[in-house]
J.: 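I have a structure I would like to understand better, so I am pasting it below and will then ask my questions one at a time.
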Amino acid sequence: MSNTKYIFVTGGVTSSLGKGIIAASLAKLLQARGYKTTIQKLDPYINVDPGTLNPYEHGECYVTDDGAETDLDLGHYERFLNVRTSQANNVTTGRIYQSVIEKERRGEFLGKTVQVVPHITNEIKERIQILGKSGEYDIVITEIGGTVGDIESLPYIEAVRQLLWELGDNNGIVIHLTLVPYLSAAGELKTKPTQHSVKTLMESGIKADILVCRTEHEISDEIKEKLALFCNVKREAVIQSIDASTIYDVPILMQQEGLDTVALQKLTLTDTSTPDLRQWREFLERHKNPKNEITVGLIGKYVELQDSYKSILESFIHAGAANEVRVNVRSIHSEYLSEKNLEQELRGLHGLLVAPGFGERGIEGKIKAVQYARESNIPFLGICLGMQMAVIEYARNVLGLTNANSTEMDEYTTHPVINLMEEQKTIVNKGGTMRLGAWDCTLFEDSLVEQIYQGASEISERHRHRYEFNNNYKEQLEDAGLVASGINAETGLVEIVELADHPWFIGVQYHPEYKSTVANPHPLFVGFVKAALTHKKRQTNASLA
């Protein structure tokens with residue numbers, strides 16, 4: 001018998017139905033009832049992690065405190081639960097096979113033929129249970145990427161089948177998320193895709209305990225009865241998941257549908273308490289009923305795909321609610337910013353954020369955007385590469401070092417104000433070799449960031465980068481007014497720069513968006529939104545004067 005209970009979330013019919021949001025919403029409801037809950041993601045791709053994937057391929061790469069480069073769904077898990085995830089919360093096929101092959105090379109299988117069953121499936125089961133066996137959690141929710149029937153997902157489905165059998169009755173359940181499409185020509189919802197999806201799951205030896213049905217229209221009781229009958233689930237276990245105005249509505253909707261109640265009953269866990277969602281509802285109230293409205297520009301290289309900057313966009317929602325402000329984000333492609341269209345593209349913004357990224361494409365557009373924010377006194381936040389662009393812009397246009405650049409963009413630049421760390425110069429492999437995870441930062445007294453972090457002298461923030469501020473230019477830049485207001489004491493590396501003679505101008509080498517949650521909006525985003533609102537009010541007053 002297992003002390004920890006397991007919930008597996010599978011998907012069918014199509015991808016992008018929102019398994020991560022459903023998993024996070026259920027976890028939130030269980031957590032709000034007092035159960036210690038965590039979520040993990042099993043990704044069927046062969047990459048060891050998403051760290052080397054182009055954002056257009058897979059969206060944002062999320063980073064944990066312990067330096068794991070993970071799927072963006074882990075960001076949803078943290079934002080909903082306000083609980084830190086780790087390397088153990090994201091497993092990929094690449095990592096599974098890598099581990100099994102390394103064991104084979106060490107001779108751990110005693111000469112046996114290494115096969116998908118049992119060796120790969122045993123490795124998967126082991127990874128699934130790491131969090132459960134830690135003793136920290138009552139319930140572990142495991143989201144399985146892809147859709148049932150995919151050849152890549154078969155080892156995971158088989159591992160789940162075995163594990164459910166090994167765990168025994170009432171210790172593990174399967175929630176199957178499917179699509180119930182609406183055919184406008186027929187004027188009705190169709191259940192056949194869901195029936196086929198459940199049948200495919202059953203062919204792998206797994207029976208769905210709960211059906212969560214994504215839909216654009218209300219599912220009638222008649223359709224729910226039909227789904228229950230043909231998919232072999234209880235009527236109360238057919239849960240409607242209708243389109244919501246915001247992902248943060250989903251926990252409330254799932255509570256109304258009784259998803260948490262059914263899950264607890266099937267796991268034979270106590271169902272006497274009511275989820276305490278007061279703080280969550282207060283957040284939703286502020287988010288949906290803002291008193292003000294601002295527009296900020298997000299200058300990036302991957303703006304065609306919103307998931308590329310998922311954590312940044314969600315951080316604006318958290319910070320907006322904290323300030324009772326609706327934050328309208330205008331995505332601007334840095335590759336197409338030039339002297340000719342700069343004024344037109346950036347006009348009307350109340351704040352400007354230059355986003356992270358890699359490579360030289362679109363760099364000059366980012367630098368021009370920084371210059372515009374600095375010279376126009378518009379609140380500015382530069383994140384990772386955005387901070388580096390602020391340093392380059394200042395070196396070029398204030399110090400007069402016209403060729404200043406990063407060696408990432410120009411390895412022969414005469415003024416490498418951003419340079420590769422010495423320990424990075426011998427690295428050949430790209431995956432998992434950057435400065436990753438949580439690093440400490442000492443904040444300087446009387447700086448703007450010290451004020452934003454409410455007087456804290458030490459903070460810890462997550463990183464994902466390879467190039468750094470070149471300290472050979474630190475004194476020169478500070479004498480000219482660009483202050484290094486945050487330093488990693490151990491390495492001497494600059495973490496934060498700011499301008500004293502600007503209303504709000506901050507660049508950070510780390511990624512504050514990774515730590516913003518519903519319960520704890522990140523102070524930098526809260527401060528940035530507040531500054532943007534002040535800037536808007538100042539503009540309004542000036543136009544009225």
Side-chain angles (χ1 to χ4, degrees), residues 51 61 63 299-302 334-335 337 352-374 380-427 430 433-437 439 441 444 449 461-488 490-499 502 505-513 524:
C61 176
V63 177
I299 316 295
K301 304 199 296 184
Y302 315 108
S334 61
E335 194 174 5
L337 274 181
L352 198 151
L353 184 148
V354 175
F358 294 91
E360 63 181 310
R361 185 174 64 88
I363 289 306
E364 293 304 319
K366 289 190 173 190
I367 292 170
K368 286 181 174 65
V370 175
Q371 183 179 4
Y372 181 86
R374 180 177 61 80
F380 166 81
L381 176 59
I383 296 177
C384 197
L385 184 66
M387 174 264 210
Q388 296 175 1
M389 296 303 99
V391 173
I392 293 169
E393 189 279 324
Y394 207 79
R396 286 183 185 180
N397 298 319
V398 178
L399 281 183
L401 307 177
T402 53
N403 294 322
N405 214 328
S406 165
T407 52
E408 181 183 7
M409 321 308 165
D410 179 6
E411 60 180 309
Y412 303 112
T413 177
T414 52
H415 294 293
V417 291
I418 304 296
N419 205 355
L420 195 61
M421 290 187 291
E422 282 302 316
E423 56 266 36
Q424 289 283 338
K425 291 180 179 178
T426 56
I427 288 174
K430 297 293 184 187
T433 56
M434 290 183 277
R435 183 149 78 102
L436 291 164
W439 286 63
C441 175
F444 282 37
V449 284
E461 294 283 1
R462 299 180 194 176
H463 295 66
R464 183 177 181 250
H465 63 100
R466 185 169 276 111
Y467 291 80
E468 300 279 356
F469 181 104
N470 188 343
N471 279 336
N472 292 332
Y473 291 87
K474 182 169 175 285
E475 186 177 346
Q476 208 174 342
L477 285 162
E478 288 199 310
D479 287 345
L482 187 68
V483 179
S485 55
I487 303 283
N488 177 266
E490 187 182 337
T491 60
L493 294 170
V494 172
E495 299 278 6
I496 308 170
V497 296
E498 63 179 65
L499 283 177
H502 189 283
F505 188 104
I506 293 174
V508 294
Q509 186 58 79
Y510 50 83
H511 289 258
E513 70 272 22
L524 267 176

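Computed over heavy atoms, backbone and side chain alike; hydrogens, waters and symmetry mates excluded.
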J.: Check for a donor-acceptor pair, side chain of N488 on one end and backbone N or O of V494 on the other, with a separation under 3.5 Å.
T.: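 Judged by distance alone, no pair lies under 3.5 Å.
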
J.: Does E364 come within less than 4.0 Å of R396, counting only side-chain N to carboxylate O?
T.: yes

J.: Indicate whether the side chain of N419 and that of T407 have a donor and an acceptor atom separated by less than 3.5 Å.
T.: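 Judged by distance alone, the side chains do pair up.
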
J.: Are side-chain heavy atoms of Y510 and R462 found at a separation under 4.5 Å?
T.: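 SC-SC contact between Y510 and R462 ruled out.
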
J.: Using only atom types and a distance under 3.5 Å, with no angle test, would you say the side chain of Q388 pairs donor to acceptor with the backbone of Y467?
T.: yes

J.: For Y372 and L352, indicate whether the former's side chain and the latter's backbone hold a donor-acceptor pair under 3.5 Å.
T.: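 Absent.
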
J.: Can you name the nearest heavy-atom pair linking L385 to E408, along with the distance?
T.: CD1-OE1, 4.3 Å

J.: Mark yes or no for whether K301, through its side chain, and R361, through its backbone, hold a donor-acceptor pair below 3.5 Å.
T.: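 Yes, because the side chain of K301 sits within donor-acceptor range (under 3.5 Å) of the backbone of R361.
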
J.: Run through L482, V417, V370 and flag the one making a side chain to side chain contact (heavy atoms under 4.5 Å, CB included) with Y394.
T.: L482

J.: Is the ring pair H465/H463 parallel, tilted or perpendicular, if the boundaries are 30 and 60 degrees?
T.: tilted

J.: Looking at G365, is its backbone amide N or carbonyl O close enough to the side chain of E335 to form a donor-acceptor pair, meaning the two atoms are under 3.5 Å apart?
T.: no

J.: Does K474 reach the main-chain N or O of F469 with its side chain, forming a donor-acceptor pair under 3.5 Å?
T.: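 Not confirmed, K474 side chain does not pair with F469 backbone.
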
